[in-house]
Amino acid sequence: MKQDMIVILDLGSTENTVIARQIREMGVYSEIHPHDITPDELGKLQNVKGIILNGGENRIVDGAAVDIAPSLYELDYPMLAIDHPTARCEEKLDRLPGEDVLRGFVFATCKAEANWNMKNFIDDQVELIRQQVGDKKVLLALSGGVDSSVVAAMLIKAIGKQLVCVHVNHGLMRKDESESVIRVFRDQLHAELIYVDAVDRFLGKLEGVADPEQKRKIIGGEFIRVFEEEARKLEGIDFLGQGTIYPDIIESGTKTAKMVKSHHNVGGLPEDLKFALVEPLKQLFKDEVRACGVELGLPANMVYRQPFPGPGLGVRCLGAITRERLEAVRESDAILREEFEKAGLDKKVWQYFTVVPDFKSVGVKDNARCFDYMVIIRAINTIDAMSATIERVDWDVLQKITDRILAEVEHVNRVCYDMSPKPPATIEFE
Ligand code: XMP
């Protein structure tokens with residue numbers, strides 16, 4: 001990393017990511033490190049221009065008062081405490097008064113250069129990946145989601161055909177999703193791409209399974225088995241590419257949140273399949289990952305897509321999955337996405353999708369009684385997916401979507417709109 005860096009030492013504030021982002025938006029790279037970092041560890045970080053101490057109201061971590069190691073105060077870095085500074089730090093506290101304390105500290109005191117941008121970041125990462133990988137090969141599970149797509153594009157730029165992508169179609173993808181992965185990566189970027197059609201295998205394993213946690217475990221576990229089988233067929237792979245991003249790194253250090261749902265990500269490969277990890281996005285926040293994807297030339301609809309859960313439509317086809325209802329989820333989701341795009345809502349709403357429950361209701365079609373499924377539309381806004389509010393979708397837009405679903409999707413006779421915020425509901429239904 002050739003770029004200047006401001007280090008934020010986390011003394012228990014919840015605002016540190018906000019500050020890191022503010023500094024990055026000024027064009028200066030910033031990283032958050034724990035309060036118990038040692039002088040040695042700090043010394044290994046490159047191009048540190050200054051240090052910010054932030055412990056929020058009271059510098060408490062896990063119920064105990066904390067401070068940084070006394071020897072850190074003796075180091076020759078400009079230091080700014082933006083919480084309640086200790087007497088020790090006050091001696092070094094930057095006195096540039098005014099609203100723009102951060103900007104003053106970063107540029108006037110630390111003399112950091114504003115050289116953090118995606119072009120420089122990509123140049124750095126390409127060089128680092130080439131150094132790390134040499135002439136070896138890297139394997140990547142390419143789901144087509146934002147993170148794995150951007151990692152793939154970065155690795156293609158750095159090592160071309162030394163990257164082997166595996167795309168597993170588990171039958172729970174959205175309409176046209178696997179096709180677009182093939183179109184972009186195999187046809188346009190000329191990636192080495194192995195496409196695995198595992199639709200029957202996944203749907204077979206899921207047959208008759210109604211419990212949401214069991215469904216998630218089957219999908220996640222089977223995914224690893226399919227990926228492992230492909231990995232074993234390949235020779236000479238030493239590395240595994242992963243779409244780890246900066247929030248994953250920060251959260252894994254301090255995570256206290258209780259598990260509500262088991263999340264599905266690639267990991268948990270067997271012990272004897274040992275790969276070193278290549279994680280070129282691990283310094284980036286989500287919006288920076290998107291900017292990186294754009295800079296690498298990925299299509300906007302791939303980079304700006306809404307989040308999609310690892311178990312895919314499997315958790316939106318409620319209860320035991322059947323092909324009939326899965327098709328109804330896929331088709332209604334495609335209609336919803338098309339109409340949201342036409343109405344400009346795709347740029348406004350954080351996440352929107354349809355679900356199909358596993359029970360039927362009575363209706364009337366062609367002057368006769370029918371007994372069919374319902375589609376539920378969900379559209380939510382959130383900052384961090386921990387809580388969410390619903391989008392008040394325009395009535396006419398909802399009416400159009402409803403009409404289209406009722407006319408175009410088979411086995412559906414009713415459309416509902418989910419009004420529930422998170423909490424108490426979660427964003428997904430399972
Ligand atoms: P919930 O339903 O827990 O969802 O309110 C919060 C966000 O996480 C997404 N989600 C997942 N993402 N793997 C993922 O990568 C998963 O297994 C998974 N399950 C839920 C969900 O779409 C929402 O954005």
Side-chain angles (χ1 to χ4, degrees), residues 140-151 167-168 170-174 177 181 202 205-206 209 211-224 226-227 241-249 251-252 255-268 279 281-282 284-287 289-290 302-319 321 329-330 333 336-337 340 346 348-357 376-391 418-430:
L140 175 74
L142 177 59
S143 67
V146 181
D147 301 343
S148 71
S149 298
V150 178
V151 173
H167 176 73
V168 178
H170 48 25
L172 308 167
M173 311 289 285
R174 285 172 289 195
E177 205 155 33
V181 168
F202 274 82
K205 289 264 172 198
L206 287 163
V209 181
D211 177 67
E213 268 308 297
Q214 217 186 331
K215 282 168 72 179
R216 280 174 169 274
K217 288 204 173 103
I218 290 172
I219 299 167
E222 203 56 19
F223 187 88
I224 287 168
V226 174
F227 189 69
Q242 281 214 321
T244 315
I245 69 172
Y246 200 44
D248 304 333
I249 304 253
E251 279 168 23
S252 62
K255 217 169 193 165
T256 50
K258 287 201 179 65
M259 192 200 81
V260 178
K261 298 172 188 182
S262 58
H263 272 213
H264 154 88
N265 293 307
V266 186
E279 301 174 293
L281 309 182
K282 67 171 187 252
L284 300 187
F285 288 108
K286 192 77 179 186
D287 54 332
V289 173
R290 295 188 205 277
M302 189 165 253
V303 167
Y304 285 98
R305 59 177 27 184
Q306 48 170 331
F308 187 56
L313 300 182
V315 290
R316 297 179 182 170
C317 182
L318 307 186
I321 296 168
V329 181
R330 201 184 326 267
D333 171 74
L336 179 74
R337 284 191 288 142
F340 262 43
D346 58 322
K348 181 175 174 241
V349 182
W350 200 83
Q351 199 172 12
Y352 46 97
F353 53 87
T354 61
V355 304
V356 176
I376 302 173
I377 298 171
R378 184 141 174 79
I380 60 96
N381 289 306
T382 177
I383 296 196
D384 54 9
M386 302 298 284
S387 62
T389 55
I390 61 145
E391 169 73 15
D418 183 355
M419 299 286 289
S420 332
K422 174 180 180 176
T426 50
I427 297 174
E428 304 286 347
F429 277 53
E430 291 193 334

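Computed from heavy atoms alone, side chains included, the values below leave out hydrogens, waters and symmetry copies. Here the structure is a predicted model, which means the values were calculated and not measured. Ligands are counted one by one from 1 in listed order, and the atoms in each one are counted from 1 as well.
- Every atom of ligand 1 is numbered from 1 in the order shown, and the set under 4.0 Å from a heavy atom of T426 is 1 (P), 2 (O), 5 (O).
- Evaluated by nearest non-hydrogen atom to atom 24 (O) of ligand 1, the leading choice among R216, Q351, Q306, M386 is Q351.
- Residue I427 has at least one N or O atom closer than 3.5 Å to an N or O atom of ligand 1.
- Set against the non-hydrogen atoms of P309, the atoms of ligand 1 under 4.0 Å away are 10 (N), 11 (C), 12 (N), 14 (C), 18 (C), 19 (N), 20 (C), 22 (O).
- The contact set between ligand 1 and K422, taken as ligand atoms under 4.0 Å from a residue heavy atom, comprises 1 (P), 3 (O), 5 (O).
- Put simply, the side chain of R216 never gets that close to the backbone of G314: no donor and acceptor are under 3.5 Å apart.
- Put simply, the side chain of R330 gets close to the backbone of M173: a donor and an acceptor are under 3.5 Å apart.
- Across all their heavy atoms, C317 and I321 have their closest contact at O-CG1, 3.9 Å.
- Ligand 1 places these atoms under 4.0 Å from at least one heavy atom of P311: 16 (C), 17 (O).
- Taking a cutoff of 4.0 Å between a charged side-chain nitrogen and a carboxylate oxygen, E177 and R305 qualify as a salt bridge.
- Ligand 1 lies within reach of W350, whose nearest heavy atom is under 4.0 Å from it.
- Within a 6.0 Å sphere centred on NZ of K422, heavy atoms belonging to other residues, nucleotides or ligands number more than 12.
- Listed for the R316 side chain is no donor-acceptor partner under 3.5 Å among the backbone atoms of T354.
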